[in-house]
J.: 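Below you'll find the structure I mean.
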Amino acid sequence: RKEQKVIRQYFDRNCINIKQWALAHKLDIRTTYFVISGHLKGNIKSNGKTKKVFEALLEENIIKELPDGLKEDKAS
């Protein structure tokens, strides 16, 4: 997916150490690596660790919105 590539490029372009970024946000390091490298895409079966990584990316405006699978359903 293109968005995953953009996330990785953001970290590379800005010389951001993924491990240090994960620690600064109190995130699971392995999960953070998988999200940034595109192995975890935030589908509906994603666990809480994955959602926390995407929420941190959203907070820092690295991504514009959460993946569809992680958006809360407001209709229920």
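Residue numbers run from 1 in the order of the sequence given. Scope of the values below: all heavy atoms of this structure, side chains included, with no hydrogens, waters or symmetry mates.
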J.: To the nearest 0.5 Å, tell me how far Arg30 CZ sits from Leu40 CG.
T.: 10.0 Å
J.: Taking the side chain as C-beta and beyond, is there a heavy-atom pair between Phe54 and Leu58 under 4.5 Å?
T.: no
J.: Would you name the heavy atoms of Ile18 and Arg8 that are closest together and state the gap between them?
T.: CD1-NH1, 3.6 Å
J.: By the salt bridge (Lys or Arg N to Asp or Glu O under 4.0 Å) test, which pairs, at least two apart or in different chains, include something from residues 13-26?
T.: none
J.: Rounded to the nearest 0.5 Å, how far apart are CG of Leu57 and CD1 of Ile7?
T.: 5.0 Å
J.: Is there side-chain contact between Leu66 and Glu55, with at least one heavy-atom pair below 4.5 Å?
T.: yes
J.: Which heavy atom of Gly42 sits nearest to which heavy atom of Pro67, and what is that distance?
T.: O-CB, 3.5 Å
J.: Output yes when a side-chain donor or acceptor of Thr31 lies under 3.5 Å from a complementary backbone atom of Asp28, and no otherwise.
T.: no
J.: Considering non-hydrogen atoms only, spot the tightest contact between Asn61 and Lys64 and give its length.
T.: O-NZ, 4.3 Å
J.: Any non-hydrogen side-chain atom of Glu60 less than 4.5 Å from a side-chain atom of Trp21?
T.: yes
J.: CD1/Ile62 to CD1/Ile16 distance, rounded to the nearest 0.5 angstrom?
T.: 5.5 Å
J.: Please determine, by modelled atom types, if His25 and Glu59 share a side-chain donor-acceptor pair under 3.5 angstrom.
T.: no
